[in-house]
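Presented below is the structure to which this report refers.
Proteins get letters first, then strands, A, B, ... in listed order; numbering begins at 1 in each. Because the structure is a prediction, the values reported are computed rather than measured.
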Amino acid sequence: MISIQGLRKVFKTKTNTITAVDRLDLDIQDGEIFGVIGYSGAGKSTFVRLLNRLEEPSEGSIKIDDKEITELNTNELRLARQEIGMIFQHFNLLWSRTIEDNIAFPLEIAGVPKAERDKRVEELIRLVGLAGRENAYPSQLSGGQKQRVGIARALANNPKVLLCDEATSALDPETTNSILDLLVDINQKLGLTIILITHEMHVIRKICNRVAVMENGKIVEQGDVLDVFLHPKETVTKKFVEQVMGNGEEDDLEQLLAEYDQGNIIRLHFVGESANQALISQLAKKYNVDLNILQGKITQTQRGAYGTLIVQLLGNTDEIDKAVQYITNKTSVEVEVIRNVK
Amino acid sequence: MISIQGLRKVFKTKTNTITAVDRLDLDIQDGEIFGVIGYSGAGKSTFVRLLNRLEEPSEGSIKIDDKEITELNTNELRLARQEIGMIFQHFNLLWSRTIEDNIAFPLEIAGVPKAERDKRVEELIRLVGLAGRENAYPSQLSGGQKQRVGIARALANNPKVLLCDEATSALDPETTNSILDLLVDINQKLGLTIILITHEMHVIRKICNRVAVMENGKIVEQGDVLDVFLHPKETVTKKFVEQVMGNGEEDDLEQLLAEYDQGNIIRLHFVGESANQALISQLAKKYNVDLNILQGKITQTQRGAYGTLIVQLLGNTDEIDKAVQYITNKTSVEVEVIRNVK
Amino acid sequence: GGADSDENTITVGASSVPHAEILEEAAPLLEEEGITLVVEPYEDYVLPNDDLASGELDANYFQHIPYLEQTIADTGYDLDYIDGIHVEPIGVYSKGVTSLEDIPEGTEVLLSNSVPDHGRILGLFEEVGLITLNPEVDKGEATIEDIVENPNGLVFEPDYDPAFLPELYETEENTLVVINTNYAIGAELNPLEDALFLEDENSPYVNVIAVRSEDKDNEALNKLVEILHSEEIQNYILEEFEGAVVPVGGNN
Amino acid sequence: MLNDSNIKIDDLLEATYETFYMTTIALVGTFILGILLGLLLYLTMKGGIWENKFLNFIVAAIVNVFRAIPFIILILLLFPFTNFLIGSIRGPNAALPALIIGAAPFYGRLVEIALREVDKGVVEAAQSMGAKTRTIIFKVLLPESMPALISGITVTAIALIGYTAMAGAIGAGGLGSYAYYSGFQRRDFDIVFICSVIIVIIVFIFQFIGDFISNKLDKR
Amino acid sequence: MLNDSNIKIDDLLEATYETFYMTTIALVGTFILGILLGLLLYLTMKGGIWENKFLNFIVAAIVNVFRAIPFIILILLLFPFTNFLIGSIRGPNAALPALIIGAAPFYGRLVEIALREVDKGVVEAAQSMGAKTRTIIFKVLLPESMPALISGITVTAIALIGYTAMAGAIGAGGLGSYAYYSGFQRRDFDIVFICSVIIVIIVFIFQFIGDFISNKLDKR
Ligand SMILES: Nc1ncnc2c1ncn2[C@@H]1O[C@H](COP(=O)(O)OP(=O)(O)OP(=O)(O)O)[C@@H](O)[C@H]1O
Ligand SMILES: Nc1ncnc2c1ncn2[C@@H]1O[C@H](COP(=O)(O)OP(=O)(O)OP(=O)(O)O)[C@@H](O)[C@H]1O
Ligand SMILES: [Mg+2]
Ligand SMILES: [Mg+2]
């Protein structure tokens with residue numbers, strides 16, 4: 001559905017030349033929810049802004065629905081844009097319009113009749129939890145409320161593609177969840193394709209099918225969410241995965257090692273197979289070791305439990321070695337020995 | 001240090017009267033990092049804006065450092081504000097100034113000499129990872145970069161109190177961590193008191209001493225971070241705690257129950273005592289049960305492992321019962337039976 | 001109403017002061033003769049002649065003969081006048097200079113920026129013997145460049161709005177200020193007493209009723225002139241304008 | 001003091017009416033034409049929606065030329081046009097073309113300044129929704145800059161009142177010309193004073209209305 | 001065509017110089033005084049930093065009164081003041097007080113409009129840092145509104161060029177009065193034309209400089 005080739009965007013300032021997006025290739029399927037993550041300044045916002053040509057590409061091609069976006073004339077681009085909703089990082093609401101009228105705006109643009117418009121707006125206001133504030137102006141809303149108006153506005157005209165630039169970063173988890181559910185719902189019912197920029201990995205985990213990791217304007221890694229979560233290759237990806245997978249932060253680890261100064265400490269990666277979920281209890285039964293779960297996180301994926309646990313093994317050195325060997329040889333759990341006491 | 005009593009702020013609009021902050025009482029200690037969480041629209045931003053009187057309180061008293069903020073005259077207020085740094089939800093950078101000059105602004109206001117100012121600015125730019133962009137203008141920065149400029153600016157004049165309104169919500173986890181480390185560092189070295197609004201519970205967990213939960217303008221719950229995490233009383237708090245403690249979301253649970261349709265399913269709350277870390281392996285040894293860790297999260301606190309695990313118990317019903325009883329009676333781990341197979 | 005409307009209605013363009021006021025005074029007298037007078041006020045000196053030539057007006061009353069002649073020469077309009085009605089004598093005033101005899105060398109002369117007045121003012125200066133103008137130049141069209149002899153080395157500065165001249169007289173003490181009598185009176189100067197020297201009623205700058213040449217014998221328009229020359233109107237002028245406007249061509 | 005004066009209440013009322021009449025009608029024309037010019041300047045500028053160096057230069061040239069021409073000369077230049085349009089070159093109606101054409105380029109610049117202050121983000125938002133330029137103009141640019149547009153037209157209204165004084169040259173009447181010719185020229189300063197007071201009152205009325213609307217519309 | 005004319009290059013050059021001279025000097029005065037008035041209007045308005053209904057009314061009244069007075073009458077009213085200040089009431093210098101006092105209230109309004117467009121958030125940011133009002137004015141309000149302030153002074157400059165024409169009444173000279181008195185009055189339309197062209201060129205120069213600076217300063 002969306003096919004991007006050699007996309008490039010260079011900003012020239014007096015002192016610097018910044019390549020915000022650098023020869024980027026990407027294919028996004030119809031009806032997919034595609035996540036984009038990356039550090040601040042990686043070029044994520046620039047990337048989505050290139051997709052609907054709010055930013056003119058310096059180079060490269062963007063095909064959406066077999067239309068070459070970069071070659072559309074003004075009018076064609078206009079019509080193409082009506083099918084692409086966009087949620088802005090900084091909301092970009094019209095201060096001169098009430099909440100209601102802000103949400104109705106894309107419908108007015110698309111020429112939807114008044115009665116229908118009102119119905120749709122009411123529905124959306126309810127969906128994003130702003131009922132009762134219809135007639136407020138953006139300046140009278142909190143940050144998260146503005147964000148929700150932006151979301152409602154982007155969804156109003158039932159777009160085919162939705163570009164979300166940190167759509168939930170100003171929202172509390174409860175509201176985030178309800179918005180994400182809403183997006184998944186629309187995605188499933190109407191086949192909406194969503195490109196979702198975020199720095200919250202749990203958002204990616206919860207709703208994305210695939211994810212791309214950007215760094216310095218390039219996509220350094222991409223794939224199925226689970227694959228990327230399981231086998232992050234790049235450092236940047238690992239950092240992001242750690243966020244959702246637990247507190248792998250190195251300084252935490254050192255503290256841990258200092259605190260629990262006895263026995264072996266190992267890190268177990270559960271890679272999503274239900275057979276291994278009982279590993280801890282199996283080990284306890286099989287070997288004469290005590291297993292202290294110090295830290296970690298296990299989540300459910302379609303294929304089974306997945307995650308990381310940092311475990312302290314106390315007991316006889318031999319027994320410990322055997323236990324570790326067992327894990328290595330007989331299970332699909334990946335084990336990493338952090339401290340080995342000999 | 002900060003003592004708030006009966007604080008109230010009412011916004012009157014033509015159609016609505018909104019009590020954004022409603023008779024709020026709160027005491028914050030010197031050198032504390034105090035978190036405030038709450039749903040979008042709960043009144044968090046309004047609350048911090050009242051603290052430095054960017055918003056005039058409708059009622060109530062605010063004492064900072066024994067100064068009654070509500071009674072200061074213009075000049076006293078001005079001087080008091082120089083000691084209160086503020087990070088805005090929407091950055092509020094001056095577009096007419098470069099990054100460098102934006103950060104230097106509070107120093108200019110405080111009358112810091114040029115040479116010293118330059119040194120401090122350079123240092124801060126490095127700290128927030130914007131070296132090389134000193135001479136860019138805000139319009140040339142990404143959202144997260146702007147946020148970091150806002151942070152640097154708020155820290156520039158070594159304030160005694162720092163008000164952070166979603167200071168890290170536009171930042172990726174890596175940058176967030178480095179900023180949080182920075183805050184903790186300053187907090188420890190200089191005794192900076194921080195009031196931190198966020199909707200990211202892991203931020204609270206990582207750096208806050210105490211946390212307050214706001215709902216509809218009121219503080220509905222407050223206390224030590226650990227206490228609140230361990231024993232969330234209000235629904236809103238529970239929702240927030242679930243975010244950081246794992247995927248306690250109800251629909252996930254149902255899915256889990258459907259998927260693992262055998263044996264008992266229990267939820268274990270580890271309340272931060274190191275003695276219990278080996279619970280799983282102990283149970284496996286003591287009773288004839290298999291324990292599958294389905295989901296959950298364990299983190300380290302000062303006192304020991306703390307968190308929740310959802311565990312499937314497979315085996316003889318009697319044995320399972322015994323195991324559960326053992327947990328209930330002999331450990332400080334709280335157990336909640338989600339499914340009991342009789 | 002233009003020239004082609006009712007025979008007995010005449011439209012006359014006039015400057016508001018004193019021309020329009022004088023006409024307004026005459027209107028009821030004319031009405032008695034069965035002639036309706038419509039006064040069209042003008043604040044400008046170009047348009048009334050344009051409008052007269054184009055037929056929008058039947059007559060106008062705002063200019064003196066030299067100006068009319070100048071306009072005819074410039075534009076080729078076929079205009080003429082019936083008779084003169086009044087003179088607004090111009091005077092020269094000064095706070096510092098008290099007699100014609102001891103005007104200091106190089107004294108500045110401040111005069112109106114209204115070009116049509118310049119010839120008239122220079123003529124007055126020539127008459128009292130302060131300058132000599134190029135004899136080949138028509139007096140009415142003379143400009144400062146036409147001064148051939150200037151024994152006192154007077155410096156003419158034709159740059160000022162005529163209405164401001166009384167103020168200049170007050171502040172710029174060592175200059176000669178040429179002030180139209182109407183402004184002088186407005187500024188509570190007495191032309192006869194305060195002026196260093198003054199035009200007399202023999203001035204060629206008599207304000208006339210101008211018409212298109214074909215209308216020179218028009219009955220209604222001649223009736224208008226007749227009434228303006230009547231004793232009643234002439235007395236009105238004398239009383240109303242306190243000497244700033246001097247009626248001419250009447251019976252007295 | 002006023003007893004010495006030649007103030008005629010009727011004349012004064014008429015002059016007031018004429019000033020009001022000319023200002024109000026001219027204001028409507030100026031508003032429309034000025035917004036048109038301002039939009040053209042804004043849209044065709046560098047980085048604008050219709051970026052067009054040539055057109056921008058032409059419009060800027062027209063605006064500058066008409067702003068540059070002294071009003072009195074403008075009146076003169078417009079005679080043929082006025083005559084064609086109004087059927088006369090005298091009186092209050094004949095002053096309107098000159099008033100509008102004199103004030104519109106000026107207001108056009110104020111409109112341009114106001115439009116430049118509109119947040120680029122909201123224009124982008126509208127573009128991302130596939131809005132026609134017309135929609136962007138009428139539903140984004142104009143509403144979002146409305147407080148500044150109204151303040152600008154208020155400023156222009158008051159400049160227009162000043163222009164009406166000069167329009168007295170073609171017999172348009174009005175307070176300014178009444179003050180100047182019947183008062184100032186005749187050194188009847190009571191008339192000047194009274195006229196000035198009335199003008200000040202009119203200015204206050206315009207300013208009050210302008211401020212009121214502008215504040216009402218400002219939802220920031 | 002030009003051969004028939006009485007244009008004297010010297011006079012033309014002098015008139016051009018006078019126009020430039022008056023406009024430039026008056027512009028500086030107008031800029032300072034106008035910013036002062038605009039700031040007062042902005043700061044004392046409802047919700048402003050120095051919110052003060054009374055002071056706001058007074059300043060608004062002064063601004064409105066001076067905007068309302070026809071320029072020629074303003075010149076007259078200022079004679080004593082001008083005489084005191086300049087020691088003369090004629091010539092280009094004597095025109096300056098009237099030019100400045102005539103244009104400053106007008107520019108003051110434009111300044112007010114520009115200041116209102118400054119994002120309230122950045123003012124709040126400065127307040128939260130404990131900035132003095134002086135600092136807020138010089139380091140926030142003025143820099144953040146600078147593009148609009150410059151565009152505004154450009155508009156005012158061009159209005160000032162128009163005013164200088166009227167200042168001819170006190171012998172200030174300048175192109176406008178040269179065009180009117182030597183050209184229009186003597187029916188020498190070549191002079192009118194040439195003067196107009198020069199005025200248009202001056203307007204373009206001012207506009208070009210203004211646009212250039214304004215664009216340069218706009219970092220949004
Ligand atoms: N100026 C205002 N006028 C009217 N209502 C306002 C105004 N400012 C805030 N509110 C309302 O007050 C309530 C609290 O707003 P506040 O900005 O404090 O929320 P918040 O907790 O910061 O939310 P968020 O997490 O979304 O930023 C909201 O319902 C908001 O709509
Ligand atoms: N108009 C511009 N001029 C110059 N540089 C720019 C401009 N816009 C963006 N950049 C730079 O391009 C890079 C990518 O910016 P972009 O906004 O795409 O980052 P991002 O990935 O969205 O970051 P964030 O998570 O902080 O929003 C940044 O270094 C930014 O400073
Ligand atoms: Mg971004
Ligand atoms: Mg908020």
Next item on the list: Go through the atoms of E/Lys132 and report whether side chain, backbone, both or neither lie under 4.5 Å from a heavy atom of chain B.
Entry: both
Note to self: Looking at chain E, which one of B/Gln140, B/Met86, B/Glu108, B/His90 has the largest number of heavy-atom pairs inside 4.5 Å, strictly under?
What the structure shows: B/Glu108
Notebook entry, point to check: Between B/Arg53, B/Arg81, B/Arg49, which has the largest tally of heavy atom pairs under 4.5 Å with chain E?
Noted result: B/Arg81
Next item on the list: Could you go through the side-chain hydrogen bond (donor to acceptor under 3.5 Å, both in side chains) check for B/Glu200 and B/Thr168 one step at a time?
Entry: CA-CA 9 Å; B/Glu200 298 168 302; B/Thr168 56; 3.2 Å; yes
Check: side-chain hydrogen bond (donor to acceptor under 3.5 Å, both in side chains) between E/Asn64 and E/Arg109: does it pass, once the steps are laid out?
Finding: CA-CA 9 Å; E/Asn64 287 345; E/Arg109 281 288 176 198; 3.3 Å; yes
Next item on the list: Side chain from CB out, backbone as N, CA, C, O: work out which of these in B/Leu79 comes under 4.5 Å of a heavy atom of chain E, or both, or neither.
Entry: neither
Next item on the list: Measure B/Arg153 against the heavy atoms of chain E and call it side chain, backbone, both or neither at under 4.5 Å.
Entry: side chain
Notebook entry, point to check: CD of E/Glu51: more than 12 outside heavy atoms within 6.0 angstrom?
Noted result: yes
Note to self: Looking at B/Lys160, I'd like to know if its NZ atom is crowded, meaning that more than 12 non-hydrogen atoms belonging to other residues, nucleotides or ligands lie closer than 6.0 Å.
What the structure shows: no
Checklist line | Heavy-atom closest pair, residues B/Gly191 and B/Asp30 | finding: O-OD1, 4.3 Å
Note to self: With a 4.5 angstrom heavy-atom cut-off, is it the side chain or the backbone of B/Leu163 that approaches chain E, or both, or neither?
What the structure shows: neither
Checklist line | Most chain B-contacting option - heavy-atom pairs closer than 4.5 Å, from E/Thr133, E/Val140, E/Thr135 | finding: E/Val140
Checklist line | Pair E/Arg116 + E/Glu112: basic N to acidic O under 4.0 Å | finding: yes
